[in-house]
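Below is one structure, written out as structure tokens; comments come after it.
Note that ligands are numbered from 1 as they come in the structure, with each ligand's atoms numbered from 1 the same way. What you see below is based on every heavy atom in this structure, not just the backbone, and it leaves out hydrogens, waters and symmetry mates. Note that the numbering runs from 1 along the sequence shown for the chain. Not measured: the values here are computed from a predicted model.
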Amino acid sequence: MATTQPNLYSFPNTEALAKELRPYVLRCQNAALARHDTFRIAVSGGSLPAVLAKALLADSNGSPEDTPQFSKWQIFFADERAVPLDDKDSNYLLLKDELLAKIPAALGEPTVYPIDEKHVHDGNTQELADAYQEALMRSFAAKDSVKLPIFDLILLGCGPDGHTCSLFPGHDLLREKDAWVAAETNSPKPPPKRITLTLPVVTSAAHIAFVATGAGKKDILKSIFDSEEGRSLPSSLVNHGAGDKVSWFTDHPAVEGVAYPRRGSL
Ligand SMILES: O=C1O[C@H](COP(=O)(O)O)[C@@H](O)[C@H](O)[C@H]1O
């Protein structure tokens, strides 16, 4: 349990939010490149890729600090649906359409780690999760020598029920301590079969950012930030596990009525 508190930022709209998300992500990139010459990031699906694209595809001010060095990015998925990569429900397809396909050649090409479709066709979600975990191990070193992968940044969404990644409220997966990637076979939100990073992996990341926008999120954000009952929600567990490593990027409608103090600037 972290002893520090998450940072809550709020902006008038998604344009203003994306303007601040850009320097945040690039600061994480620059720190990671200085540390190990690679930027390992995990991204979510849902509403996140469109906001991320708005942030990263904006014009640079020309300085090296404000330039995405995509050729040094390794992009993983915080969660993925067990569907083919060209299915409308695929988080990979969403990220590809919103961001990857629009990256100018001059900025380089990231290395992207989609799920292995073979296990989707086999219908075995546990094997799909195991295969994704092995892909993580190959990138982060063998699991025997590294207890948990430390992502440089994990970008999350928060569903109206408080789920994040494919970790849903009240699910046994919230107690997973060992696996890096887990299978969800009965998700309350379609499609039912998914894989997800586990909570220990999420909270071990160097930086974690949630992006939550729109009035449809205000009740759950109030619960997460202001109420005792909200403490067991998956998104709250990330807050409590990672403390001030967590930054929430919200718009004003999403935090209307939330009493938790906003941070003034990044
Ligand atoms: O199903 C999912 O939903 C969450 C939240 O999506 P949002 O549209 O409310 O932002 C998303 O973060 C996750 O990756 C996705 O699989």
Tell me whether the count of non-hydrogen atoms from other residues, nucleotides or ligands lying under 6.0 Å of NZ in K102 goes above 12.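 More than 12 heavy atoms, drawn from other residues, nucleotides or ligands, come within 6.0 Å of this atom.
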Which residue holds the protein heavy atom closest to [atom], what is that atom called, and what is the gap in Å?
atom                    : value
atom 6 (O) of ligand 1  : G46 CA, 3.7 Å
atom 8 (O) of ligand 1  : S47 N, 3.0 Å
atom 2 (C) of ligand 1  : K189 NZ, 3.3 Å
atom 14 (O) of ligand 1 : D79 OD1, 2.6 Å
atom 4 (C) of ligand 1  : H163 NE2, 3.2 Å

For residues W180 and Y132, establish whether the separation of their ring centroids is below 6.0 Å. no
Just checking, any donor-acceptor pair under 3.5 angstrom between side chains of H252 and N13?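 H252 vs N13: no donor-acceptor pair found between side chains.
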Side-chain H-bond candidate by donor/acceptor type, W73 with Q29, under 3.5 Å: yes
Any atoms of ligand 1 less than 4.0 Å from a non-hydrogen atom of [X]? List them with their elements.
X    : value
R194 : 1 (O), 2 (C), 16 (O)
N91  : 14 (O), 16 (O)
K217 : 7 (P), 9 (O), 10 (O)
G157 : 12 (O)

Any salt bridge between K54 and E15, counting N to O under 4.0 Å? yes
Which pairs, with at least one residue in residues 154-166 and sequence neighbours excluded, count as a side chain to side chain donor-acceptor pair (under 3.5 Å)?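 Side chain to side chain donor-acceptor pair (under 3.5 Å) check on residues 154-166 returns D79-S166, D161-H163, S166-R194.
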Any [X] heavy atom less than 4.0 Å to ligand 1:
X    : answer
E80  : no
L156 : no
A212 : no

Using heavy atoms and a threshold below 4.0 Å, how should the contact between C158 and ligand 1 be classified: side chain, backbone, both, or neither?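 Contact part for C158 vs ligand 1: backbone (N, CA, C, O).
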Between ligand 1 and S166, is the shortest N or O to N or O distance under 3.5 Å? no
Consider every N or O of G45 and every N or O of ligand 1, then say whether any pair is closer than 3.5 Å.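 In this structure, G45 places an N or O atom under 3.5 Å from an N or O of ligand 1.
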Output all residues satisfying side chain to side chain donor-acceptor pair (under 3.5 Å) with N61, sequence neighbours left out; order by chain, then residue number.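 For N61 the side chain to side chain donor-acceptor pair (under 3.5 Å) partners, ignoring immediate neighbours, are S63.
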cation_pi(R262, Y9) dist<6.0 Å, angle<=45: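 Here R262 fails the 6.0 Å and 45° test against Y9.
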Sole candidate of F151, F77, F76 that passes ring-ring contact (aromatic ring centres under 6.0 Å, His included) when paired with Y113: F76
Counting C-beta onward and ignoring hydrogens, is there a side-chain heavy-atom pair between Y24 and S247 closer than 4.5 Å?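 In short, these two side chains touch, coming nearer than 4.5 Å.
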